[in-house]
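What follows is a set of notes on a single structure, which appears directly below.
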Amino acid sequence: MNVSFYNTMTRTVDPFVPLAAPKVTFYTCGPTVYNYAHIGNLRSYCAEDLFRRILEYSGYDVLHVMNITDVEDKIIKACLAEKMTLNGFTEPYIKAFKEDIASLNVKPAAFYPKASEHINEIVDIIKELCKREIAYKGDDGSYYFSIERFSDYGKLARLDKQDLRAGARICHDEYDKEHLSDFALWKAWDEGDGDIFWETEIGKGRPGWHMECSAMSIKYLGETIDIHMGGVDNIFPHHENEIAQSEASTGKKFVNYWVHCEHLLSDGRKMSKSLGNFFTLRDLVEKGYSPIALRYLYIANHYRSKLNFTLKALDSAANTLNGLYDFLKRLSRVKNELIEDAEFAELFARAKATFDEKIYTDMNMPQALSCIFSMISHLNIMMDKNCLPQQQAVSVIDYFMKIDAILALNLGQALEDDIVPEDIEKLIEERQSARKAKDFKRSDEIRDLLSARGIILQDTPQGVVWKKM
RNA sequence: GGCGAUGUGGCCGAGUGGCUAAGGCAGCGGUCUGCAAAACCGUUUAUCAGCGGUUCGAAUCCGCUCGUCGCCUCCA
């Protein structure tokens, strides 16, 4: 199956052709670690994870690198205010970030390079850009990239250089640039930076924000990579600048495919603390939501559409997820003998083919899931009629386990045999005896007792089944 | 101010020229049950922000209006 997806550079859905199949080089912009990630940030990381998992599902071998921005204005300010070292300040947030994405079943990247540990690589690129006379040193000792001297500037965001200059906001503190839209590659030290600086061949200071992604992408993945992904708000200036720095210094194309994830809104607005619609994953977990329900909410919506987050939508996602678990449990209890059923085979094959087609066409998870739910409904009817053979139920379960490599919704957990404490087993038996004897007072007592322990009983025609609340 | 995106049933959201506008959640009805619950089945609610236009035909293309969102120097 051929994979295709929307490339921001071409603005079309393009067939994916990697440089050296089956290997795929994949770079994503990571967090700036001065705070906890919010659920808008996390949406991007989940979309990237889904993207990677789909590529792997289709047979590619993905080498994923995600940078960690640990040198930046806000970080420096906070560090100095709290009188901490850079690492001392950022490490807890890096740890929290990795915990957050792990709880969302985001696969770890192969490398998480930090800006602060790649100063040499950054300086080398700046030196190269100076040698090629594309970068210049300002009077303050900072280095800037001249967009005038890079003819392709603006090709990703489709901005015109003339407009950029005309539309740029007035900058009061950066007189040293030749043009307002030139951006900093290296920021010379000033008092505001305290003891956070590096002594290098190009002077005392720190890297500009855009440099790290160019340096790390080139170092870990090569001068030209297959895919670079991130949030839409990074298209300009961040990704545009990455292209400029990288291509101007190597003379080669930087990235073949650019993929961007849309924003998350909260209650129809941009998230902000003052509106009370600002959430971190930790906030939601405190409210009793499972990170996997949030993951479901993310992947059930197309990555290029804005997603309107509400607690009601998250409730809905959690309910749907429980429905999936219930369905799998029900399948696992099917014990019928094999009977020939051409209808099932056709239904199942069609659902699988549709699912593949949808995920491989610009990662259309909403439609892929839609076809899965239609199949579930058919299979439930077959189970209602007692005409789904065990062998087929098992093959459906196997399939769900297989696609969970993409969905990562812990579907396997639904099938794990819960260990029933003996006393619960006994109580269930006692209740059944009481019911037979029509001692409903006692049977209801037991039901309430178990309910208080978080056990829900289901009296089905096939017998009593229980599940945890 | 400049550029761009978007507005689909109670909610979340697919669908970008043509079968009866996916799917999920909620609601309602039913099956099951001693009664419930859970589970499952069925199902009500949309002509697609408003107005105008193009077309044999539009949610889907064009124009205007209104709302929301994003980018325009470091925010996923």
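Quick note on labels: first sequence line is chain A, next is B, and so on, each numbered from 1. All values reported here derive from a predicted model rather than from experimental measurement.
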Checklist entry - Is the NZ or CZ atom of A:Arg304 positioned over A:Tyr6's six-membered ring, under 6.0 angstrom from the centre and within 45° of the axis? => result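 Cation-pi check for A:Arg304 and A:Tyr6: passes.
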Checklist entry - Do A:Lys352 and A:Phe348 meet the cation-pi criteria used here (NZ or CZ under 6.0 Å from the six-membered ring centre, within 45° of the axis)? => result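 Cation-pi check for A:Lys352 and A:Phe348: passes.
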Using atom [atom1] of [X] as one end and atom [atom2] of [N] as the other, report the distance to the nearest whole Å.
{"X": "A:Leu156", "N": "B:rC71", "atom1": "CG", "atom2": "P", "result": "15 Å"}
{"X": "A:Asn301", "N": "B:rC12", "atom1": "CG", "atom2": "P", "result": "11 Å"}
{"X": "A:Arg304", "N": "B:rG13", "atom1": "CZ", "atom2": "P", "result": "16 Å"}
{"X": "A:Phe278", "N": "B:rC75", "atom1": "CZ", "atom2": "C1'", "result": "11 Å"}
{"X": "A:Ile372", "N": "B:rG23", "atom1": "CD1", "atom2": "C1'", "result": "12 Å"}
{"X": "A:Leu265", "N": "B:rU68", "atom1": "CG", "atom2": "P", "result": "12 Å"}
{"X": "A:Leu42", "N": "B:rC75", "atom1": "CG", "atom2": "C1'", "result": "14 Å"}
{"X": "A:Met66", "N": "B:rA76", "atom1": "CE", "atom2": "P", "result": "11 Å"}

Between the protein and nucleotides 15-18 of chain B, are there any N/O to N/O pairs under 3.5 Å, and if so, what are the atom names and distances?
from, atom 1, to, atom 2, distance (Å)
B:rG15, OP1, A:Asn364, ND2, 3.3

Ignoring hydrogens and geometry beyond distance, is a side-chain donor-acceptor pair present between [X] and [Y] at under 3.5 Å?
{"X": "A:Tyr45", "Y": "A:Asp100", "result": "no"}
{"X": "A:Asp362", "Y": "A:Tyr303", "result": "yes"}
{"X": "A:Thr280", "Y": "A:Asp283", "result": "yes"}

Checklist entry - For B:rC12, does either OP1 or OP2 sit under 4.0 Å from a side-chain N or O belonging to A:Asn308? => result yes
Item to check | Short side-chain N/O contact to B:rA26 OP1/OP2 from A:Asn319, under 4.0 Å | outcome: yes
Item to check | Donor-acceptor under 3.5 Å (A:Asn105 side chain, A:Ala408 main chain) | outcome: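 Yes, the answer is positive, given that a donor and an acceptor are paired below the 3.5 Å cut-off.
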Of the candidate nucleotides [options], which contains the atom at the shortest distance from the side chain of [X]?
{"X": "A:Lys306", "options": "B:rC74, B:rA76, B:rC69", "answer": "B:rC69"}
{"X": "A:Pro237", "options": "B:rA76, B:rC12, B:rC75", "answer": "B:rC75"}
{"X": "A:Ala313", "options": "B:rC12, B:rA14, B:rA76", "answer": "B:rC12"}
{"X": "A:Asn41", "options": "B:rA76, B:rG24, B:rC11", "answer": "B:rA76"}

Checklist entry - Going by the angle between their ring planes, with limits at 30° and 60°, are A:Phe355 and A:Tyr399 parallel, tilted or perpendicular? => result perpendicular
Item to check | Aromatic plane relationship, A:Trp258 with A:Phe254 - under 30° parallel, 30 to 60° tilted, over 60° perpendicular | outcome: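 Geometry flag for A:Trp258 against A:Phe254: tilted rings.
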Checklist entry - Which part of the nucleic acid, if any, lies within contact of A:His263, taking any heavy atom under 4.0 Å across all strands shown: a base, the sugar-phosphate backbone alone, or nothing? => result base
Checklist entry - Counting any heavy atom closer than 4.0 Å, what does A:Gly40 reach on the DNA or RNA strands: base, sugar-phosphate only, or nothing? => result base
Checklist entry - Roughly how far apart, to the nearest Å, are B:rA58 and B:rC3 at atom C1'? => result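 Their C1' atoms lie roughly 28 Å apart.
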Checklist entry - How would RNA chain B look in dot-bracket form, 5' to 3', counting Watson-Crick and G-U wobble pairs with both distances under 3.5 Å and writing | for bases paired to another strand? => result ((((((((.[[[..)..(....]]].(((((.......))))).....[[[[[..)....]]]]])))))))....
Checklist entry - Does A:Ala317 or A:Glu72 map to a spot on RNA chain B nearer the 5' end, using the closest nucleotide for each? => result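 With A:Ala317 and A:Glu72 compared, the 5'-side residue is A:Ala317.
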Item to check | Given RNA chain B, 5'-ward residue of the pair A:Cys371 and A:Trp209, judged by closest heavy atom | outcome: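 Its nearest nucleotide being more 5', the pick is A:Cys371.
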Checklist entry - In the 5'-to-3' direction, what one-character label does each nucleotide of nucleotides 31-42 of chain B receive under the scheme B = base within less than 4.0 Å of a protein heavy atom, S = sugar-phosphate only, - = no such atom? => result -SSBBBBBSSSS
Sequence neighbours left out, what passes side chain to side chain donor-acceptor pair (under 3.5 Å) with [X]? Give chain and number order.
{"X": "A:Gln458", "answer": "none"}
{"X": "A:Arg350", "answer": "A:Glu346"}
{"X": "A:Asn319", "answer": "none"}

Checklist entry - With ring centroids as reference points, do A:Tyr93 and A:Tyr36 lie under 6.0 angstrom apart? => result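 Yes - the distance between ring centres of A:Tyr93 and A:Tyr36 falls below the 6.0 Å cut-off.
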Item to check | Least distance between heavy atoms, A:Ala248 atom then A:Ile134 atom | outcome: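 A:Ala248 and A:Ile134 have their closest heavy atoms at CB-CD1, 3.6 Å.
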